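Okay, structure first, notes after.
In this text, all values refer to a predicted model and were calculated from it rather than measured experimentally.
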Amino acid sequence: MIKKRPLNLKLVLSIFFFFLCSWISLALAQNRTIPVNVGLVLDDLDSGDGKIWLSCIKMALSDFYASHANYKTRLVLNARDSNRSVVDAAAAAVDLIEKVKVKAILGPGTSMQAGFLINLGDQVHVPIISFSATSPSLNAVHSSYFFQFAQNDSSQVKALSSIVKAFGWTQVVPVYVDNEFGEGVIPFLTDALEEVDARVPYRSAISLSATDGQIIEELYKLMEMQTRVFIVHMRTDLSSRLFAKAREIGMMTEGYVWLTTNGIPNELRSLNSSVISSMQGVLGIQTYVPQTTKLEEFMSRWKRQFQQDNPTIIDAQLHVFGLWAYDSAFALAMAVEEVGTSFEVSQYSRKLSHALSSMRFKGIAGDFSLVGGQLQSSTFQIVNFNGGGTRLVGFWTPENGLMNKLNSTNTSFSSTSNKGNLAPIMWPGDSLTAPKGWQIPANGKKLRIGVPVKVGFTEFVKITKDPSTNAIDVTGFTIDVFKAAVEVLPYPLPYEFIPFAKPDGTSAGTYSDLCYQVYLGNYDAVVGDTTIRADRSLYVDFTMPYTECGVAMAVPVIDVRSKNAWVFLKPLTWELWLTTSCVFVLIGFVMWVLEHRINEDFRGTPSHQVGTSIWFSFSTMVFAQRERVVSNLARFVMIIWVFVVLILTQSYTASLTSLLTVQQLQPTVTDIKDLLRKGENVGYLTDAYVYDILKQVGFGDTKLKGFKTMEEIDEALSKGSANGGIAAVVDETPNMKLFVAKFCSKYTMIGPIFETAGFAFVFPKRSPLLSDVSQAVLNVTEGEVILNIENKWFKKGDNCEDNPTQELSNNSLGLDSFWGLFLISGVASILSLIIFVASFLYRHKHILKHPPDSKALTWRKIRSMFEIFNERDFNSRMFKGSQQGDVIAGNPDNIAGDANSPNNNCPESTSSFSSNHTDANFEFFVGQQTQSPGQASPEIVPSTTDPAIIIAEMHRTPATAQDNN
């Protein structure tokens with residue numbers, strides 16, 4: 001045991017010396033940290049934002065090295081004050097690079113200063129890291145040594161355009177500071193607004209050094225405009241003065257819309273209460289910073305440390321730029337440690353730039369990552385200036401648009417860019433109703449409305465000038481329609497008409513040229529007979545059309561009254577002639593069926609019966625029939641048929657009279673392709689787009705003739721194409737209607753032969769007046785107002801009033817006008833035939849009732865029925881009277897009629913014979929046929945008791961039957 005004690009003591013001493021040496025080595029290593037000089041160029045380092053940002057940077061470095069005590073590098077800040085000057089900022093950077101040999105520069109504070117330092121950093125290969133320069137123009141340089149650790153202003157333009165779209169505003173005026181910071185975002189903002197169909201009619205640039213008088217003067221310009229939506233892009237030092245003056249002159253009242261970029265809400269904490277009160281109702285975009293425990297702890301430590309270091313500065317406020325300054329210093333320290341110091345200057349700068357570009361960490365302002373040297377942060381919150389501060393009304397993200405909430409992953413619960421996704425907004429004037437975004441200023445300028453100068457067709461637009469006063473009077477159909485539409489508007493619309501004319505009073509160009517003047521801003525609108533065209537709609541907008549659509553053709557008319565020998569056939573079409581003839585034959589047949597057994601007028605030889613039936617039917621056309629009608633069924637048919645004939649004949653007479661006496665005007669041509677095929681000349685109105693249409697159809701320049709007045713067109717059409725004139729004129733339907741109305745006795749209109757959208761009024765793209773004027777035009781054209789205006793300007797010529805019965809179509813009557821009458825007559829005839837046949841079969845059913853013994857006997861029965869059908873019906877009232885007359889006269893043999901009568905060439909009625917003899921003598925004809933002694937003829941002894949066979953046998957041997965009787 002005594003021998004082991006020195007060993008234990010020796011082990012303990014060895015361990016103690018080991019830890020002691022390690023601690024000494026670590027302490028010596030810490031004392032051997034490598035300082036790395038970095039520059040800092042900021043404004044107002046002794047006061048204001050510069051001092052606040054410097055304190056954030058120092059705290060970032062302190063926190064970084066406190067948590068990474070074993071890092072070998074230590075950033076050494078070398079601060080320079082740029083004194084709000086671009087020159088001083090550049091001089092400070094040069095001094096830091098040449099004398100201090102800084103490895104990187106944090107700053108400068110503004111976008112204008114950063115623009116100069118970017119080129120300097122590229123030349124000397126020194127990274128420039130800015131956390132407060134936000135202009136998008138800085139990225140256009142594409143420098144590998146410039147890093148924008150602040151949110152680029154272009155990232156918020158989509159959020160602004162989403163708000164504009166959600167509320168349906170169509171015109172927006174940007175109001176921005178006149179420097180690189182203000183101008184840099186305007187192209188991006190304009191593009192974003194155009195994507196949502198919002199136009200920028202004016203840009204208001206205000207100098208940073210503008211006086212209050214200059215600001216008020218610019219605001220008065222905005223008041224005179226129709227637009228009431230303004231987007232302000234400037235820092236708080238200028239915006240506070242702008243809103244104060246806007247409130248002073250009454251531009252913060254109901255109806256106005258003020259939106260701001262994040263430059264103002266991001267610095268909200270630095271604004272005093274008076275500035276905030278002047279911004280009541282403003283809607284702003286603010287950078288979204290996630291509220292974390294780390295951020296709250298930092299804000300508390302910073303406020304305590306800053307107050308301790310600067311006891312004279314009371315109530316200093318930290319905004320997002322200070323957070324970006326903290327993250328920038330943290331990222332630079334991390335990148336410097338990653339690169340180390342064992343490199344040459346050129347290699348070191350390149351590796352440092354690469355390390356900065358690939359930097360990823362979670363900073364106090366949110367996730368820190370760069371793409372193309374630019375901080376990626378695109379979530380914004382929408383705030384409403386209300387009361388003594390702002391109120392959160394929603395969020396915007398590129399993925400989801402406007403929304404009212406964010407979840408834990410910063411995505412929306414509702415994902416459509418709609419104003420309904422925002423909380424209620426208090427607008428200027430304490431209004432909860434969203435402004436419509438425009439209004440007619442009470443003291444604003446009148447609308448400058450361009451009108452075309454016309455030589456012909458002045459009924460649409462006519463310009464007269466008083467030579468003594470040079471006063472211009474504009475009248476016409478189009479002018480009256482526009483005035484009527486303006487009267488319908490719910491607000492006054494001051495305007496003045498300006499002729500589109502040269503100094504000599506002639507037209508200054510085509511209608512397309514006139515529309516383009518609206519695009520150039522020389523006119524606010526165009527009122528005239530302007531056609532809606534696809535090429536014109538690329539740079540202007542049209543209201544709803546106020547006239548008919550299409551391109552029509554006016555051609556001469558000729559009198560086509562028929563003077564040939566066959567004109568009597570023209571009143572009816574061939575289909576109606578054929579149908580009428582068939583129905584006449586049908587009626588004749590029906591009358592024969594119903595009458596020939598009981599009416600002596602329909603009896604006789606077959607040819608006589610056919611002729612009588614046809615004669616009777618056709619004679620009803622002139623009601624000249626001599627034959628009597630006996631049966632009630634025939635009378636029923638005749639009543640309906642006479643009614644049909646009456647209507648048919650009266651219609652025929654009227655149509656024939658019209659053909660022979662009324663002037664029949666028909667166009668000389670009905671298809672433009674016929675003109676092209678025949679090589680005819682065609683006219684058009686000069687300076688009209690119809691010329692291009694005719695060229696596309698295939699007409700050559702030699703076949704097209706331009707005209708300006710209706711009188712010129714009339715003269716050319718009267719000459720004709722063969723005599724150097726034209727065969728037709730082609731133009732808009734309203735123009736052709738006006739031309740035909742004046743010369744209606746000579747010309748007619750064909751078409752529309754091409755489709756167009758009609759005449760309309762022209763306004764600039766996305767004009768706020770467009771929808772209201774379009775609605776007013778619809779109200780005018782749907783009522784009696786447009787009819788009164790048309791009657792006022794489109795009066796018909798004198799000849800038109802004298803010839804109101806002129807026709808331009810074929811007067812032949814067709815089957816479609818009479819098929820109903822024919823149907824009724826046909827149904828009545830068929831119904832009568834069915835009743836007659838049923839009655840006939842019922843009366844003679846005893847003939848068909850006995851079952852036949854063979855097919856031959858069946859055929860005999862059918863033949864017997866037809867023979868009975870062809871005989872007289874002596875049971876009829878007509879023949880009963882005839883029989884009684886013959887008996888009284890002592891001529892019983894002539895009961896069946898006179899054999900020599902031309903109407904009685906048929907044998908004796910078998911029905912009569914059957915009724916008079918068959919029943920009485922039926923039993924006599926039983927047994928076999930035998931011949932009695934002493935008789936000249938054999939006795940008929942039928943072998944059957946069937947009455948039909950007996951009757952057939954008797955008809956076959958009439959002489960024998962008579963002898964037996």
Check: Met736 and Ile750 side chains under 4.5 Å, non-hydrogen atoms: no
Ser774 side-chain N/O to Leu770 backbone N/O, donor-acceptor pair under 3.5 Å: yes
Are any side-chain N or O atoms of Arg536 and backbone N or O atoms of Thr531, one a donor and one an acceptor, separated by less than 3.5 Å? yes
Can you find a heavy atom in the side chain of Phe761 that is under 4.5 Å from one in the side chain of Ile449? no
Tyr523 and its side chain to side chain contact (heavy atoms under 4.5 Å, CB included) partner, picked from Val451, Leu447, Val540, Val518: Val518
Give a yes or no on whether the backbone of Phe707 and the side-chain of Thr686 come within a donor-acceptor separation of less than 3.5 Å. yes
Check whether Ser651 reaches the backbone of Ile647 with its side chain - one donor and one acceptor, N or O, closer than 3.5 Å. yes
Tyr652 backbone acceptor or donor facing Ser655 side chain under 3.5 Å: no
At what distance, to the nearest 0.5 angstrom, does CG of Leu717 lie from CD1 of Ile726? 4.0 Å
Quick one: does Asp524's side chain have a donor or acceptor within less than 3.5 Å of a partner on Arg448's backbone? yes
Any donor-acceptor pair under 3.5 Å linking the side chain of Asn681 with the backbone of Gly725? yes
So, Asp513 side chain and Thr510 main chain: donor-acceptor pair closer than 3.5 Å or not? yes
Atom NZ of Lys737 and atom CD of Glu548: how far apart are they, to the nearest 0.5 Å? 3.5 Å
Just wondering, do Phe482 and Thr543 contact through their side chains at under 4.5 Å, heavy atoms? no
Between the side chains of Asp529 and Lys454, is the shortest nitrogen-to-carboxylate-oxygen separation below 4.0 Å, so that they form an ion pair? yes
Check whether any side-chain N or O of Asn791 sits under 3.5 Å from a backbone N or O of Leu787 as a donor-acceptor pair, and report yes or no. yes
Report yes if some heavy atom in the side chain of Ile713 is under 4.5 Å from a heavy atom in the side chain of Leu685; otherwise report no. yes
